[in-house]
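Worth knowing before you read on, the calculation uses all heavy atoms, side chains too, and leaves out hydrogens, waters and symmetry mates.
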Amino acid sequence: MIIKNVNLETVCGITSKLPDNEYPEIAFAGKSNVGKSSLINALMNRKAYARTSAQPGKTQTINFYHITVKNQLGDGNSRDEMLYFVDLPGYGYAKANVEIKAQWGKMIERYLHSSKRLKAVFLLVDIRHEPSANDVQMYDWVVRQGYEPIIIATKSDKLKRSQIAKNVKIIKEGLGVPKKTAVIPFSAETKDGREEIYRLIEELVGMKNEE
């Protein structure tokens, strides 16, 4: 996947009208400080386009990034394809009050119910730890909205390679995912896992090389 252009096109707050986008959407969810902005930056091949912060709870809006991708066709030609990366507010932020947390939840729920172009929800969890109660709650909640989350196990560079398979198994068991569920270890530092995520996104939005 070759990213040609990136544009933060729409930012939606709690009371904002959600856009009726023309192109496929891929949404990213995860608890505060799990590395969501770092993943999105890595996928967009930008250093700091999506805001990253040491302060949890920074993303308090739904951000729609319009992505232009160069799709290489089998005959040697190429064509531009369009899609959106949708950055959802981080959950589990302890310092946010109950009312604000509830509003964020309703905003995410409204998006999941109303989007006509959403192809998949990527749920990010920290590979170093067993899924938290918030992770399990979010996973179950997304499933109840009618989606099968794809799990991205972030910060894989913090583990030895020999530990990764074991921790992926712990994540699968902790979330209670079906056997076929994809769990992709990812590192924003080394970009390990990025190509696998790219291939999955291409498949989800129907971006196939044509002979």
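In this structure Glu195 satisfies the side chain to side chain contact (heavy atoms under 4.5 Å, CB included) test together with Tyr198, Arg199, sequence neighbours excluded. Annotation: salt bridge (Lys or Arg N to Asp or Glu O under 4.0 Å) contacts of Arg117 (sequence neighbours excluded): none. For Asp20, there are no salt bridge (Lys or Arg N to Asp or Glu O under 4.0 Å) partners two or more places apart in sequence or in a different chain.
If you check the side chains of Ser132 and Asn134, you find no donor sitting under 3.5 Å from an acceptor. No side-chain donor from either of Ser38 and Asn41 sits under 3.5 Å from a side-chain acceptor of the other.
For the side-chain hydrogen bond (donor to acceptor under 3.5 Å, both in side chains) condition, the pairs that include at least one residue of residues 151-168, sequence neighbours left out, are Asp157-Ser187, Arg161-Asp192. Among pairs with a residue in residues 168-183, none fulfils side-chain hydrogen bond (donor to acceptor under 3.5 Å, both in side chains), at least two apart in sequence or across chains. Annotation: salt bridge (charged side-chain N to carboxylate O under 4.0 Å, His left out) contacts involving residues 1-17, sequence neighbours excluded, comprise Lys4-Asp80.
Under the side chain to side chain contact (heavy atoms under 4.5 Å, CB included) rule, Val69 has a single partner from Ile3, Val205, Ile2, which is Ile3.
Pairing each heavy atom of Met107 with each of Cys12, the nearest pair is SD-O, 3.7 Å. Minimum interatomic distance between Ile127 and Pro185 (heavy atoms only, all atoms of both residues): CD1-CB, 4.1 Å.
Within the 4.5 Å cutoff, the side chain of Val121 has no heavy atoms near those of the Ile150 side chain. Proximity of Tyr84 to Tyr65: side-chain heavy atoms (C-beta onward) are nowhere separated by under 4.5 Å. The side-chain heavy atoms of Glu25 and Leu83, taken from C-beta on, include no pair separated by under 4.5 Å. Contact of the Ile151 side chain with the Leu175 side chain is registered, since non-hydrogen atoms from C-beta on lie closer than 4.5 Å.
Remark: Ile184 CD1 to Phe122 CZ distance equals 6.0 Å, nearest 0.5 Å. In this structure, CE in Met82 is found 12.5 Å from CG in Asn21, a value given to the nearest 0.5 Å. With values rounded to the nearest 0.5 angstrom, Ile40 atom CD1 is found 8.0 Å from Asn63 atom CG.
Aromatic ring centres of Phe85 and Phe28: separated by under 6.0 Å. Separation of the Tyr111 and Phe64 ring centroids falls under the 6.0 Å cut-off.
By the 4.0 Å N-to-carboxylate-O rule, Arg194 lies too far from Glu196 to be salt-bridged with it.
Residue-environment remark: CD (Glu130) stays at or below the threshold of 12 foreign heavy atoms within 6.0 Å.
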